[in-house]
Amino acid sequence: MDRYEPQEIEKKWQKAWEEAEAYRTEADPSRPKFYALEMFPYPSGNLHMGHVRNYSIGDVLARYKTMEGFNVMHPMGFDSFGMPAENAAIQHGVRPGDWTYSNIENMERQQKSMGLSYDWEREVKTCDPSYYKWTQWLFELFYKRGLAYKKKASVNWCDTCGTVLANEQVIDGKCWRCDHEVHKKDLSQWFFKITDYADRLLKDLEKLPGWPERVKTMQENWIGRSEGLEFSFDIPELGEKLPVYTTRADTAFGVTFIALAAEHPLLEKILKDNPKAAEIEAFCKKVRNQSEIERTSSESEKEGVATGIYAVNPFNGKKAELWVTNYVLAEYGTGAVMGVPSEDSRDWMFAKKYDIPIIITLAPKDRELKLEEMTEAYTDKDGVLVNSGKFDGMEMHEALAAIMDEAEEKGFGKRRVNYRLRDWLISRQRYWGAPIPVINCPHCGEVLVPEEDLPVRLPENVSFEQGAVSPLAQCEDFVHVKCPKCGADATRETDTMDTFICSSWYYLRYTDPKNDKEPFSKDKVNYWAPVDQYIGGIEHAILHLLYSRFFTKVLHDEGMVDFEEPFTNLMTQGMVLKDGSKMSKSKGNVVSPEEIIGKYGADTARLFILFAAPVDRDLDWSDQGVEGAYRFLGRVWRILLRYEDAIKAAPATYDVASLSKEEKDFRRVLHQTIKKVTEDIRDRFMFNTAVSSIMELVNAFYAMEGKDMAAGLVRETAEALVKLLAPFAPHITEELWHRLFAGTGSVHQAKWPQVDESALEVDTIEVVLQINGKVRDRVTLPANADRKAMEEAVMALPKAKQHIEGKEVVKVICVPKKLVNIVVK
RNA sequence: GCCGAAGUGGCGGAAUUGGCAGACGCAGUGGACUCAAAAUCCACCGCUGGCGACAGCGUGCCGGUUCAAGUCCGGCCUUCGGCACCA
């Protein structure tokens with residue numbers, strides 16, 4: 001018998017599969033489909049362990065579903081636009097395209113060395129003109145639907161990356177990619193109107209039972225829906241109305257000031273002829289110069305300046321002074337907030353600092369509030385209204401509704417829903433992305449590039465210099481064009497699109513990757529999509545997963561797809577750690593997949609990574625654990641090849657009834673394993689326990705060695721074992737399959753083993769004896785033992801007699817086929 | 001502050017519906033094979049006490065429900081993650 005040599009076996013089968021195009025799939029409406037998808041990678045150049053984990057999980061599922069008879073699509077591609085390619089150009093003088101494609105080549109080689117069942121014919125690369133042509137086409141679709149627009153706004157700017165960022169790409173005030181602090185800039189930029197879909201993006205989360213709760217919660221928080229009242233104060237001095245937004249309309253009688261954002265549009269009028277203009281302007285300037293982190297921290301001191309101008313509260317006619325403050329956000333609500341110090345903690349702090357009056361309007365039921373004793377605002381949504389005119393005595397929630405009704409009836413206010421979600425800023429001042437297909441004409445204004453002229457290709461003759469702004473803007477050949485409408489001299493838009501646009505629809509392109517007439521055909525996309533199981537890291541919980549949901553809804557509204565959600569089931573895998581922390585170059589704790597695969601083979605790497613922890617939990621890499629996985633595969637190899645001759649000579653069917661008790665016991669383990677592995681993969685996503693139960697089966701198989709075993713049973717065991725292990729360790733199982741069952745094709749196309757329910761039947765059971773809930777003994781009884789028989793058998797045990805002696809039996813509880821608990825006093 | 005997840009041997013983890021806590025693997029200990037080693041195969045392996053049979057304790061902490069709780073309920077603690085001046 002030869003040794004298990006993974007390097008030889010794996011190369012051999014990878015080549016065979018590639019030559020046979022073993023994993024090609026075509027749409028076939030007569031068969032049930034399964035779309036398994038792992039998040040496609042950015043081509044950084046090398047796979048890391050997170051990729052290995054991601055792909056291993058997806059591959060198990062894809063192979064298992066294939067064996068269950070599904071028409072499985074399992075594609076791979078590259079999210080290949082983005083900053084690193086441009087940085088490489090700046091630092092090393094390589095062209096972004098060359099850098100990217102050579103990285104892709106290397107990563108494909110590494111992916112192929114893992115033995116993944118990808119249909120490479122479906123591969124997409126987002127930086128390829130055949131792909132970004134359709135990304136541009138989709139931009140135009142959004143534009144035509146009124147969902148893409150350009151506006152001047154205060155936007156997030158990252159100096160290091162030399163570009164603007166979307167809100168979702170600012171993490172704790174820092175750039176998601178380079179971790180440098182972001183600051184605000186007033187720029188004219190392109191946006192996608194994701195806010196039009198805020199409500200549906202929130203509501204439809206309910207339609208995703210197959211998504212982890214925490215991801216849905218994160219999206220909920222991000223969308224941030226609130227219901228409230230928008231109503232207007234009169235400013236007689238300026239002849240203006242000032243709208244404010246509040247979720248606590250019940251506190252409207254407690255307003256003692258109005259807080260304005262430092263960017264509020266009314267400031268211009270306020271400053272005019274104002275004796276305090278200089279002071280106010282200085283304050284606004286100071287606030288605007290603060291960083292985002294300072295400005296949005298709830299810790300920072302609340303500050304402001306009084307304007308000397310008063311607004312009139314429409315509810316009670318009382319005057320409230322306008323203050324310009326540092327704690328009101330210009331972008332949320334109306335940029336102006338009614339100040340109610342008694343019931344809002346920020347307003348409280350502000351009023352205390354500047355000696356603004358405070359009026360209590362809500363009285364808790366269980367105690368009495370006294371202004372002079374209060375140290376903070378009363379923010380509980382509980383109590384009865386006071387000092388609120390005709391609403392006095394009303395319960396808080398009742399009053400909230402009544403006060404909003406009043407505003408609507410009298411016409412100075414309206415109920416409104418507000419979202420935290422902002423429109424998606426999609427333009428980037430960078431080169432390596434899909435150009436925005438717009439031409440600016442002095443006569444016609446914004447003009448879309450005609451469809452027949454797509455794609456707008458990236459020019460190659462550009463220069464990359466450190467700190468240079470937008471290489472495209474400097475490329476004269478690119479910039480100057482004729483207007484498609486009137487033929488006048490015009491200029492191209494020189495911004496490119498956020499790479500998250502490219503990745504918002506790639507899973508749809510996989511269904512029809514070579515289509516040059518449209519992004520994808522309706523028939524194909526509706527056969528394959530939505531994705532049945534999506535697998536990726538939790539870091540995309542908001543960014544990619546929210547954007548993709550948005551895209552799908554827009555395409556649904558356009559009639560291009562029949563479904564409204566792109567990913568039916570989502571699995572967020574845990575991170576791969578080493579010594580308790582994330583693998584990183586700076587910590588020097590990186591384990592290279594290539595090395596591990598070179599040393600032990602891909603089957604071992606895959607098996608270990610799936611066995612060591614549940615897929616959704618963080619996994620601590622262990623070199624010794626890898627050895628264990630390798631040893632296990634060796635055990636499988638040896639025992640099956642020791643039985644090689646017997647298996648080949650054995651009949652395909654045999655008489656199960658004539659097996660000995662020992663053989664039947666073993667066969668029960670075999671079928672229990674089939675049942676468990678099937679359920680663990682199909683229903684529970686518990687690959688670690690699936691692997692451990694296969695290990696138990698192998699241990700039981702070893703225990704049978706040297707004992708009589710019917711040839712038919714050995715064959716049945718070998719066949720099931722190889723199949724059960726096939727999704728996890730595809731190469732060794734393919735090799736064993738061909739050696740033991742030559743002429744039956746690939747194990748990966750074989751039918752998944754079926755459980756023989758009759759094999760699971762037992763003729764004896766072990767019954768546990770408990771005294772007062774403590775286990776004292778066990779007894780083996782016939783499987784059909786009834787309650788009475790169980791109790792009698794248990795009572796007869798010496799242990800039972802010993803513990804009952806001298807005591808009174810209060811109660812006897814009998815759980816059929818399991819245990820008898822005797823309660824004594 | 002709000003929301004979410006987790007806490008089990010020396011370690012990774014298992015226990016799916018309230019019914020034998022610690023499956024499987026790693027590490028460790030002992031043995032077989034070997035001139036020897038590696039590899040392999042077999043056995044033991046929560047803590048405390050006891051030569052032992054055995055007894056007691058044990059799933060973050062405190063309390064509760066139950067014949068029976070890792071699992072259910074109430075109250076905490078710790079860790080991780082998300083959101084956070086959103087009016």
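Here the structure is a predicted model, which means the values were calculated and not measured. Letters go in sequence order (proteins before strands), and every chain restarts at 1.
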Which part of the nucleic acid does A/R776 contact within heavy-atom distance under 4.0 Å: base, sugar-phosphate only, or nothing? sugar-phosphate

Between CD1 of A/I639 and P of B/U40 the distance, given in whole Å, is 15 Å

Roughly, in whole Å, what's the span from CD in A/E303 to C1' in B/C85? 13 Å

Every protein N/O within reach of nucleotides 14-18 of chain B N/O, cut-off under 3.5 Å:
from, atom 1, to, atom 2, distance (Å)
B/A14, OP1, A/N688, ND2, 3.1
B/A14, OP2, A/R617, NH2, 3.2
B/A15, OP1, A/R684, NH1, 3.3
B/A15, OP1, A/R684, NH2, 3.0
B/U16, O4, A/K676, NZ, 2.6

Considering just the side-chain nitrogens and oxygens of A/R631, establish if one lies under 4.0 Å of OP1 or OP2 belonging to B/A39. no

Can you find a side chain N or O atom of A/N699 that sits less than 4.0 Å from OP1 or OP2 on B/A23? no

Using whole Å, what does the distance between atom C1' of nucleotide B/C11 and atom CG of A/L619 come to? 13 Å

In whole angstroms, the gap separating P of B/G25 from CD1 of A/I694 amounts to 13 Å

A/E220 near the nucleic acid: base, sugar-phosphate alone, or nothing, with a heavy-atom cut-off under 4.0 Å? nothing

State whether A/R214 places a side-chain N or O below 4.0 Å from either non-bridging phosphate oxygen (OP1 or OP2) of B/C80. no

A/D623 CG - B/G25 P separation (whole Å): 19 Å

Stem ranges of RNA chain B by first residue number, counting only runs of at least 3 Watson-Crick or G-U pairs under 3.5 Å, come to B:1-7 with B:77-83, B:10-12 with B:24-26, B:28-32 with B:40-44, B:46-49 with B:54-57, B:60-64 with B:72-76

Is it true that A/E301 and A/K353 make a salt bridge, defined as a side-chain N closer than 4.0 Å to a carboxylate O? yes

Could you check whether A/D618 gets within reach of a base, just the sugar-phosphate, or nothing at all, counting any heavy atom under 4.0 Å? sugar-phosphate

Could you tell me whether the phosphate oxygens of B/C54, OP1 or OP2, come under 4.0 Å of any side-chain nitrogen or oxygen in A/K799? yes

Using a cut-off of less than 4.0 Å, is there contact between a side-chain N or O of A/R635 and OP1 or OP2 of B/U40? no

A/I171 CD1 to B/G82 C1', straight-line distance once rounded to whole Å: 10 Å

Less than 3.5 Å between a donor and an acceptor, one on the side chain of A/N821 and one on the base of B/C67, is that the case here? yes

Toward the 5' end of RNA chain B, by each residue's nearest nucleotide, A/G773 or A/N221: A/G773

Have a look at A/G628 and say if it touches a base, only the backbone sugar-phosphate, or nothing, with a 4.0 Å heavy-atom cut-off. sugar-phosphate

Atom pair distance, as rounded to whole Å: CE in A/M575 and C1' in B/G82: 14 Å

Would you say A/K774 places a side-chain N or O within less than 4.0 Å of OP1 or OP2 belonging to B/C57? yes

Taking the six-membered ring of A/F728 as reference, does the cationic atom of A/R606 (NZ for Lys, CZ for Arg) lie under 6.0 Å from its centre and within 45° of its axis? no

Does a distance-only test, which skips hydrogens and angles, find a donor-acceptor pair under 3.5 Å between the side chain of A/K302 and the base of B/C85? yes

List the steps, then state whether side-chain contact (heavy atoms from CB on, under 4.5 Å) holds for A/N688 with A/M686. CA-CA 6 Å; A/N688 56 330; A/M686 291 282 281; 4.0 Å; yes

If you measure from the Lys or Arg side-chain nitrogens to the Asp or Glu carboxylate oxygens, is any gap between A/E679 and A/R684 under 4.0 Å? no

From OH of A/Y332 over to C1' of B/C83, roughly how many Å is that when rounded to an integer? 13 Å

